[in-house]
Amino acid sequence: MIPNRFDHADAAPRILDRWDTAHCNRADAESDKPPFTIVIPPPNVTGALHLGHGLNNTLQDIVVRCRRMQGYETLWMPGTDHAGIATQAVVERRLKEQENLTRHDLGRDELVRRIWQWKDQYETRILGQLKRMGCSCDWDRLRFTLDQRCAKAVRETFFDLFGKFRIYRGKRLVNWDTFLQTAVSDDEVFSQTKKGHFWHFRYPVIDPKPGEPTHVEIATTRPETMLGDTAVAVHPDPAAALAAVEQATREKLVDAPEKERAAVQAELDRLASRTESMLPALTQLRDMAADGRLVQLPLADRAIPLVADEWAKPELGSGCVKITPAHDPNDYEVGQRQSLPMINILNPDGTFNAATGKYEGLTIPQARRAVVADLEDLGLLGDIEDRDIELPHSDRSKTPIEPYLADQWFVAMAELAQSAMDAVTDERVKIFPARYRKGYLDWLGEKRDWPVSRQLWWGHRIPIWSRGGLDSGQADSMAAEMQQIAKTYPGQIHFRVDADGERSQAVFVCIREENSPAIADVESHGLTQDPDVLDTWFSSALWPHSTLGWPEQTRELDKFYPTQTLITSRDIITLWVARMVLMGLNNLDRVPFDEVFIHPKILDGLGETMSKSKGNGVDPNDIIDKFGPDSLRFGLARLATETQDVRMPVQYECPSCEKLIDQTKKNRSAPRVDCPACSKPFRTQWAESDEDKALPKAAVVSERFETARNFVNKLWNASRFALLNLEGFQPQPIDVATLPIEDRWLLSRLATVTSEVTTAIDTYQFSEAARTLYDFAWDEFCSFYVEIAKPRLAEDADATDRAIAQNVMAHGLDQLLRLLHPIMPFVTESVWGFLGEIAPQRGVPTPAPVESFAMTAAFPVSVESHYDAQIERQFSEFQRIIAAIRQIRASQNIPPRETVPVAIGCQESSRSLLQPMTAYFAALAGADVQQIGPETAAFETDAHLALPEAQVDVHVDLERFIDVDAELFRLEKLLGQITNQITGKEKKLANENFVSRAPVDVVMNERKSLSGLKDQQDAVTRDIAKLKQKA
RNA sequence: GGGCGAUUGGCUCAGUUGGUUAGAGCGCUGCUUUCACACGGCAGAGGUCACUGGUUCGAAUCCAGUAUCGCCCACCA
């Protein structure tokens, strides 16, 4: 009646439905129970979830379910992240591909509307994935980083920081994406090596004095930027700098490996000759710089200064370097140090602007050709070297990045960063594993101000209105007007007047609320709102409190903040975790979470991170389809160890024959693959042609989940056995002390396992928890307890004992289901339902009615009084005897159905234990135990195995089965092993140092085990002699 | 360039404070299909724990160095 496979596809949706109807996931802010809160790391709405998210959310759900069962008022706050630039870029790219439109064709409102559509679509998909995995979030509380609640928190925070002067405006070089026309953050930039050139050219010195050079030679990979040059730099102390480099190279030569010596030597020679040939000229240029001398910037017809700055490396190029502060990050630094003007030569779309005169309107490549040609005409062009150039590219648009000077809003980090560092150093926030503390502290320690403006349309619009170009009189009267507005709407605006360019001033007003009446007043004075939006991490940083309703003083906030733990991946420790800490402290003066657990990353079989762009990404849904949600979860938890990233070889599943085909670099980027098994083709995510698209699609899966799937099946079937044998179950109180040894053994093991699993989950050792449960369920509960219980549960068994066995079995299964539920919620809930029907009241020692859901049942607490070391030791003796009999049987090829006579030589104390277990020897090893006790005699045709640790001799009667050769082979091999060990131990004990220095108990143990081995050796030798005599 | 981590049977990984014969799953070999489960059961083969030194009575484990791989950060006129 109950099928022999767990049908997850059928059961899981119904179980989800039942949990949902009973509101099992819901957290109640009015509850008296202690709170336990986790906020989800909100997945980006850019696309569907992959296995990395699968892992992240599985681990959270394990903790959440465990705490819920432990009686906490548990809130797992779900939501998604608007992911600013990433989402906008995805939608813009699609717009381009499908409709050949840019965002400017649509306009701001329409583009944002399209992105909302996209968001709705993917949010639905993401939530569907999470729900299918069994994530027990409180779905009614679903948040989005761009929803009204979050918007309110964002504005309140911005307003507060602005008022505290922790938000300021400044010009900075940003990574400019000329395609998307926006600044992108450093982490959205990747480098690509391109073939390029190193161009040398000369700038004329203005009015050279006699003996001075007429030209300064510089070299660059970006000739067109010379139009924005505002200086030429030379090192302030070229002699010392050269000497330092030479010294360093000489030291390198000393310990350079053989194959590199020649290269290092050549470099040293080059430096030496360079010092000789160039030092005088560089020194002279340095003096000229100190003298304030100018050079003529060709094509732009500007005089620019020679400056002395350490950025100019005398060992490189010509030793002089052109300085373009507005278009190069390093030159920008030099410009700041040397107070140089900064000339922007680009328009936002990457074309040259009016400042470049006749080059206006040219694209960068066009301008480059023009500049080079013009310099050549002027005779100022020198050598052109070939060179590989690392060119930064935008991760989003895949186009080259231009460093670009732009107005940006910044968050001043000095105090905020310090507060977040303190929280970790004084352990208000604990990071696991602890090694990740360093990265967190180092990054915050730099206290670099946080640029928060993004030139995007998708995000929280910066709540600042401004008007620039004011003279000082206008600025004063504007300030007075704003003062008036501030009075009219108390607490609604902050304003300040600031410099705007060289001569004029600007007024900036920050408005607190989205629908503030102050907005109309402010705008009536000609102020307009900043078009930029905030960095997506600004709203993410508020996630733990914005989702609970801050800045409102809600019951939820009171009950569920601060949260207890955060489970996330290591690449956002700085971007997200650190910022949540400092924002939590700023807004609520309390850290947002007590503990942070950083879990491993999932890599594919080639050791690469999974991503859709590589084609090795795995959709959790595909794994669920093939293996079921419990297998997905168990498999991930089992692999999530503390030290290692998870290496997960990935396969295509052939849609025709269901064979798994290993992914290789080659086939994972192909649009179609021919199945090597059935030779039918299938398509991949890359299919483009209509022909390919018509093929069936292969799911990308991993056979790594097979073990977990088998485990689910094992548990299901053990449960099935128990259920089938609980017929007529009657709850009754149990006197544990009078139970047979196997029952007390099970209770003792349950006590141990419960405490181990609890500790493992408390300390984020998910792999350990999963393994402990796997081993216990499979090797102990199924392989021993269930097997032993079989005769006791049989219909013809003693009725009294059968009733007891049923009670213990029901209890054992009950406890196992509870322990496994956080990791495998579906199969356990399913079995829980069946068990509840047949045994609605259960428990040892006192039966009680059970909860209707495993999900809301109490998590087991280790019953210390059930732990019994003596029983566990005795039982393992029993297990070892079983193994010994099986070993002998196997070596003799005794057919499984045959029963063999067995004699067990043991101490008197063990006899009373083993005697009642005769039936189990029969059931587990096909043994007919004829004698047990100290005076046991060997059989006439005897196979003998000594278990010295247990002081037990196992004899099997081979009368009917003897295969002399096989038995001799077994004994000779055994003798060899024993002899080897004896040799090792004798050697060890002969070592005077060992005997005198090692602890007494270690030495004693060695002696004891040696004498045991020697007895065994004698016995085996005798057995061999006897056997040979016989033969 | 700086930091972090890894290197254990064919594959993927465990291995607690140094202490008997280094474990598991998959794969492999042999046996096994009325009796919960063949997604099962039993037995077995397979490892000089990356390398070189050191500390120690004793090292997969601690220390130093080397090699390879991975991740993060910085830098690249």
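All figures in this text were calculated on a predicted structure; none of them were measured in a lab.
- A gap of 7 Å separates the P atoms of A60(B) and C49(B), to the nearest Å.
- Heavy-atom distances to RNA chain B give each of Q977(A) and N1005(A) a nearest nucleotide, and the one nearer the 5′ end belongs to N1005(A).
- Counting any heavy atom pair closer than 4.0 Å across all strands shown, F198(A) reaches sugar-phosphate atoms only and no base atom.
- Between F781(A) atom CZ and G41(B) atom P there is a gap of 15 Å when expressed in whole angstrom units.
- Looking at which nucleotide of RNA chain B each of N710(A) and N993(A) is closest to, the 5′-most match is held by N710(A).
- Residue K438(A) places none of its side-chain N or O atoms closer than 4.0 Å to OP1 or OP2 of G5(B).
- Spacing between G41(B) and G5(B) at atom P, rounded to whole Å, works out to 39 Å.
- E310(A) has its CD atom 16 Å from the C1' atom of A77(B), to the nearest Å.
- Regarding contacts with the backbone of G44(B), every side-chain N or O of K973(A) stays at 4.0 angstrom or more from both OP1 and OP2.
- Atom name C1', nucleotides C13(B) and U56(B): the rounded distance is 30 Å, in whole Å.
- A 3.5 Å limit on both hydrogen-bonding distances identifies G44(B) as the Watson-Crick or G-U partner of C28(B).
- In this structure, the side chain of R897(A) does not engage the main chain of G926(A) through any donor-acceptor pair within 3.5 Å.
- Rounded to a whole angstrom, the distance from the P atom of U52(B) to that of A59(B) is 15 Å.
- Checked by atom type, the side-chain pair T324(A)/K322(A) shows a donor-acceptor distance below 3.5 Å.
- Within 4.0 Å (heavy atoms only), Q765(A) reaches no atom of the nucleic acid at all.
- Per the geometry, CD belonging to Q981(A) stands 18 Å off P belonging to G19(B), to the nearest Å.
- Checking C4(B) for Watson-Crick or G-U wobble geometry (two distances, each under 3.5 Å) identifies G70(B) as its partner.
- Relative orientation of the W199(A) and H197(A) rings is perpendicular, given thresholds of 30° and 60° on the angle between their planes.
- As the counterpart of G18(B), no nucleotide is assigned, since no Watson-Crick or G-U wobble pattern has both distances under 3.5 Å.
- As a whole-Å value, the separation of F705(A) CZ from C13(B) P is 13 Å.
- Between the side chains of Q806(A) and N725(A), not a single donor N or O lies within less than 3.5 Å of an accepting N or O.
- If you check distances only, the side chain of R709(A) does reach the base of C39(B) with a donor-acceptor pair under 3.5 Å.
- Between the C1' atoms of G25(B) and C39(B), the separation comes to 14 Å (whole Å).
- Relative to the side chain of C782(A), the nucleotides A36(B), G19(B), A43(B) differ in distance, and A36(B) lies closest.
- With distances taken from any side-chain atom of R435(A) to the nucleotides A77(B), C4(B), G19(B), the minimum falls on C4(B).
- Contact between T899(A) and A927(A) at its shortest, heavy atoms only, is CG2-C, 4.2 Å.
- Checking C37(B), G25(B), U20(B) against the side-chain heavy atoms of N713(A) singles out C37(B) as nearest.
- For the pair R792(A) (side chain) and A797(A) (backbone), a donor-acceptor distance under 3.5 Å is absent.
- G65(B): Watson-Crick or G-U partner is C51(B), with both key distances under 3.5 Å.
- A distance of about 14 Å separates the P atoms of A22(B) and G9(B), rounded to the whole Å.
- Summarising the base pairing, U56(B) is matched to no nucleotide, lacking a Watson-Crick or G-U wobble pair whose two defining distances lie under 3.5 Å.
- Note on T220(A): only backbone sugar-phosphate atoms sit closer than 4.0 angstrom, heavy atoms only; bases stay farther off.
- Between N893(A) and G30(B) there is no side-chain N or O to OP1 or OP2 distance below 4.0 Å.
- Here W311(A) does not reach the OP1 or OP2 of C75(B): none of its side-chain N or O atoms lies under 4.0 Å away.
- Distance R889(A) CZ to U32(B) P: 13 Å, rounded to the nearest Å.
- Nucleotides C62(B) and U8(B) place their P atoms 16 Å apart, quoted to the nearest Å.
- Between R704(A) and the phosphate of C26(B), there is no side-chain N or O to OP1/OP2 separation shorter than 4.0 Å.
- The interatomic distance linking I573(A) (CD1) with G3(B) (C1') rounds to 13 Å, in whole Å.
- As judged by a 4.0 angstrom heavy-atom cut-off over every strand, W199(A) is placed among residues making no nucleic acid contact.
- By the 30° and 60° cut-offs, the orientation of the rings of F711(A) relative to Y774(A) is tilted.
- One P atom belongs to A74(B), the other to G2(B), and the distance between them is 16 Å to the nearest Å.
- C35(B) is unpaired under the criterion used here, namely a Watson-Crick or G-U wobble arrangement in which both key atom distances are under 3.5 Å.
- Atom CG in L660(A) sits roughly 13 Å away from atom C1' in C26(B) (whole-Å rounding).
- Within 4.0 Å (heavy atoms only), P895(A) reaches no atom of the nucleic acid at all.
- Side chains of K626(A) and S631(A): no donor on one and acceptor on the other come within 3.5 Å.
- Closest to the T707(A) side chain, of the nucleotides G25(B), C4(B), U32(B), is G25(B).
- For K714(A) and A36(B), the shortest distance from a side-chain N or O to OP1 or OP2 is not below 4.0 Å.
- Using a distance-only test at 3.5 Å, with no hydrogens or angles considered, no donor-acceptor pair links the side chain of N717(A) to the main chain of R5(A).
- Base engagement by A998(A) is indicated by at least one non-hydrogen atom pair under 4.0 Å involving a base atom.
- Taking only side-chain nitrogens and oxygens, R897(A) comes nearer than 4.0 Å to OP1 or OP2 of U34(B).
- Closest contact between the side chain of R570(A) and the listed nucleotides C71(B), A77(B), G5(B) involves C71(B).
- For the residue pair E217(A) / H200(A), a side-chain donor-acceptor distance below 3.5 Å is found, with atom types taken as modelled.
- A donor and an acceptor atom sit less than 3.5 Å apart, one in the side chain of E787(A) and one in the base of A36(B).
- The NZ-P distance, from K601(A) to G70(B), rounds to 14 Å in whole Å.
- OP1 or OP2 of G44(B) sits under 4.0 Å from a side-chain N or O of Q887(A).
- Within the nucleic acid shown, K322(A) has no heavy atom closer than 4.0 Å to any nucleic acid atom.
- Here G19(B) is the nucleotide among A36(B), G19(B), U12(B) with the atom lying nearest to any side-chain atom of V1002(A).
- Picking from C42(B), A36(B), U12(B) the nucleotide with the shortest atom distance to the side chain of R647(A) gives U12(B).
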